[in-house]
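Data block below; observations after.
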Amino acid sequence: MISDSSMPYSAPTLEPGEDDDQLLRVSLGPQHPSTHGVFRMNVVLDGETVVSLKSVFGYLHRNHEKLAENMTYLSSMPYTDRLDYICPLTNNWALAHAVEKLAGIEVPERAEFIRVITAELTRLINHTAFMGFILGDMGAWGSALMYAFREREKILDLFEDLTGARMMSNFMRYGGCRNDLPAGWADRCSIVVNDYGPFLDELEKFLVGNEILLARTQDVGQLPQKTLINGGITGPMLRAAGVNYDIRKVEPYGIYDRFDFRIPLGAKGDCYDRIMIRFLEMRESLKILRQALDQLPAGDYIHPKAKIRNFKPPVGEAYARIEGPKGELGFHLISDGTVNPFRYRIRPPSFINLTLLEDMCLGLDLADVVIILGSVDIVLGEVDR
Amino acid sequence: MSLEIEPIVARLREALPTAGISLRKNPGPSGQHSLLIDSASLIDVCRTLRDTPGLEFDFLSNVTGVDWPVAAKADTIAIPEGEGTAPTGGMLEVVYHLYSTTLRTGPLVLRARTVDREKQVQIPSVVSVFRSAELQEREIFDLYGVIFTGHPDLRRILMWDEFVDHPMRKDYVAPDDYEYEPTPHEAVLEKAKKHYGERQKI
Amino acid sequence: MSAEKTIDRLPAVPKPGRWIMPGLGLIQGLVISGKNAIQSYYKKDRMTTIQYPEQRAVISPNFRNFPFLCYDDDAATGLRCTACSICENECPPQCIYIVLDRDENGKSLKRPKVFDIDISVCMNCGICAEVCPFDSIYMDGEYEMSTDDRFGGLMLGLDRLAKSAEYHMKLRPEEASAVMAKRKAEEEKKAAAAAAKAAKAKADLEAKAKAAAEAKAAEEAQAATEEKGESA
């Protein structure tokens, strides 16, 4: 609680208290390898038990929102690639979706299919990379991460063929996509999709029976469903606790209502469930991908009347969200009828998923903090924007 | 999925007869109309929205700050039904997007406004109702300078503690302490030179 | 779709301490990593690295790195760029700098005098190529650009940016041939329009001459009749 509203700036977080000589203060990060980037936690320990944990953000802050408010709608598209750089194509889609809502633009059917295919491939690479990272957090550096990155590279090759870059895709446009699928791309994608199932089986077998993984993740970091919803937690974190809330089903954007897929739900919401839920989501993604590749129609990849240069949406505001691999990714845009957005706000899932980090860690060991943070699945490009 | 907003307003007025709630129309194609809530009744409105059966807006997805150097402009985005109430001068606005996870409705857009941009920039914090506002309100405080009264830990979050301005405000002037780099942009060079003077090229 | 149909609950997993044989999972993992290690010597899709720079990866035709400027016949005169500054304005990191070339009277020559791209700032997004209405700027596939000269080596001027249309054709045959066809059609259209204009002018001229001749003839006839009348 701030004592005096005229003094809005904070005191240093690591000020020693009066009667806590027994407590150990550890500054975890920002250069700690387990923090997935430049994230810092000021942890207070009683012996090995966490009694307080304060997150420190902002090491990667570049105020993308301010930049975007001073440039055209088109120019801010490549910057969304750099938010969550593991999954640029879903970020592209979220912005395109919001602008389309703001300006009332229609998207051709083929473009919707291309978007679904790229978004689900992105979900695959995000969750696969997550498996590697979380195993790294548990001390298993190497094998799992290398297997994950080996398979991820096959999808990145597909992205390079399609968008011109492995990670910085800059692919979606307001009213469609930048270019059509290259010749033979869909067939190559089918091969990758068909090979992915066996790889997932292998990876699951590699991890799931592992006693160390079970011991370190089960019953760690649980919170009640009500708290998670109230805390704004979204994505696999929320569903691992058994809350049936996936925007692809709740508010089907694009053409997600045409596909047959299920929403996996966890039972307890501990770190183990958070790992397993991602395996199940990947299998559902493969299901969507197979259907989308089968039904891929011919047609335009961008609306013929879509404006690339000098695009001015009508006056108004819109909030649109998609189910990103890490959770609900939303964009809130206010247009005053000019070429620049008046307000451009990102609702970053990995930032808001950290709201309850302290609650999840209190009373556990310091070693568990690393796993809980890993199970949240954050990317600092998106947390600090 | 557009949300029917009139029944919600009616239920809110029934539950909170004294609360200042006014409906604002969105002129754009998105059709997301909003409710302008008086700062004094913001927390009551949020609690009612969360706890009333049939409304059950239990999930506060997004909290946005908006800077309006000319407050009247805000009424062109959120058009009032009768006379506009936007103050003269400037103001800061906070926009909330609520969803219901049980009824799967949303977004319900709430707005709260400060009196001006300098002194009276207080808005009650909704953290006691929605924990998800905790980091987002800190961010708005940091970048816009809205003071959320009752926030448990109102500190700067993205900028460092010693930073003095609020960078997302429209009249924020970027500093000129660039690294001296030969960019094609004379403007940047001039600014950097003013700060550092002529530097020897490496 | 009902809510229940979407549910896919996780299967129950053994709790620590209830395993049939502790260590079984670890052994299973070791078997898999052993398999992977052996396969990485002979299985093609598990051999993911190549021996750069002796070996080189195949670059996709869509791959984009830094922009270049396309010219048709001659680098000095054939540059397609008209220095319209659209790319300069749309460039997200603002790394393009253009100065329009003018003659001594200050009239625009429709070509750039200075065209700089700071590739240490460029984010390789390709928006400049996308917005260019004159088919002038394209993304290059060149990736070995590292240099120890930050100030000279990474600021590309016209001399390093200008590349021939043949280079573009070699880099991206599909895109380049489409552009060439479009430009050719446009040129033909222009030529046809010019020809039509010339023909029209010619026809106009002829018609005018004819009209003049007719008028003259009529005048002469009139004069003749008048003369006749006079003489009569």
Side-chain angles (χ1 to χ4, degrees), chain A residues 67 71-72 74-79 81-82 143 146-147 149-150 153-154 157 160-165 168 170 173 178-179 182-183 195 202-203 205-215 218-219 240 242 244 246 249 257 261-268 272-273 276-277 280 284 308-309, chain C residues 1 3-19 21-33 35-37 40 45-49 57-65 86 89-94 123-127 129-133 139 141 174-175:
Chain A
L67 290 173
M71 58 174 74
T72 60
L74 175 64
S75 299
S76 50
M77 182 59 87
Y79 282 96
D81 301 335
R82 281 119 177 120
S143 302
M146 287 304 130
Y147 300 164
F149 271 44
R150 185 187 65 211
E153 202 60 33
K154 291 175 187 164
D157 283 348
E160 187 179 322
D161 273 5
L162 177 62
T163 71
M168 301 300 139
N170 179 24
R173 290 291 174 265
R178 194 182 61 204
N179 53 283
D195 289 350
E202 192 192 69
L203 190 65
K205 223 162 136 194
F206 182 55
L207 304 182
V208 170
N210 192 304
E211 285 82 358
I212 300 171
L213 184 135
L214 291 175
Q218 288 197 319
D219 300 319
N244 186 8
D246 186 312
K249 287 280 187 201
D257 45 356
F261 65 103
R262 295 182 300 170
I263 303 300
L265 295 179
K268 289 196 292 189
Y272 180 80
D273 278 5
M276 291 310 297
I277 202 106
L280 293 173
E284 296 301 312
I308 300 294
R309 275 196 302 272
Chain C
M1 199 167 286
E4 272 312 302
K5 209 178 153 194
T6 66
I7 288 176
D8 183 2
R9 290 215 180 260
L10 291 177
V13 289
K15 281 183 91 65
R18 281 208 281 123
W19 296 310
M21 182 191 145
L24 207 64
L26 285 173
I27 292 164
Q28 197 178 21
L30 279 175
V31 169
I32 288 172
S33 45
K35 213 169 83 189
N36 269 284
S40 71
D45 69 323
R46 308 234 149 158
M47 290 190 274
T48 46
T49 51
V58 184
I59 298 289
S60 147
N62 255 350
F63 173 75
R64 61 183 145 84
N65 207 4
I86 289 178
N89 294 333
E90 288 283 353
C91 176
Q94 304 277 294
M123 67 202 278
N124 315 352
C125 65
I127 280 181
E130 203 178 328
V131 297
C132 181
M139 300 309 280
E174 215 169 288
E175 185 191 64

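Throughout, protein chains are lettered first and strands after them, A, B, ... in sequence-line order, and every chain is numbered starting at 1.
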Assert top hit (heavy-atom pairs under 4.5 Å, partner chain A, pool C:Val31, C:Asn62, C:Leu30) equals C:Asn62
Heavy-atom pairs under 4.5 Å with chain A: which of C:Gly126, C:Ser60, C:Gly29 has the most? C:Ser60
[X] versus chain C, the contacting section by heavy-atom distance below 4.5 Å:
| X | answer |
| --- | --- |
| A:Asp81 | neither |
| A:Glu202 | both |
| A:Met71 | side chain |
| A:Leu67 | neither |
| A:Tyr147 | side chain |

Report which part of C:Glu90 has an atom under 4.5 Å of a heavy atom belonging to chain A: side chain, backbone, both, or neither. both
Please state whether the side chain, the backbone, both or neither of C:Pro133 comes within less than 4.5 Å of a heavy atom of chain A.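 Both the backbone and the side chain of C:Pro133 come within 4.5 Å of chain A.
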How about [X] and [Y]: do any of their side-chain heavy atoms sit closer than 4.5 Å?
| X | Y | value |
| --- | --- | --- |
| A:Asn170 | C:Arg64 | yes |
| A:Leu74 | A:Arg173 | yes |
| A:Pro182 | A:Leu162 | yes |
| A:Tyr79 | C:Cys125 | no |
| C:Ile32 | A:Lys205 | yes |

Given side-chain contact (heavy atoms from CB on, under 4.5 Å), test A:Arg150 with C:Asn36 step by step and report yes or no. CA-CA 11 Å; A:Arg150 185 187 65 211; C:Asn36 269 284; 3.1 Å; yes
side-chain contact (heavy atoms from CB on, under 4.5 Å) between C:Met123 and A:Met168: does it pass, once the steps are laid out? CA-CA 9 Å; C:Met123 67 202 278; A:Met168 301 300 139; over 6 Å; no
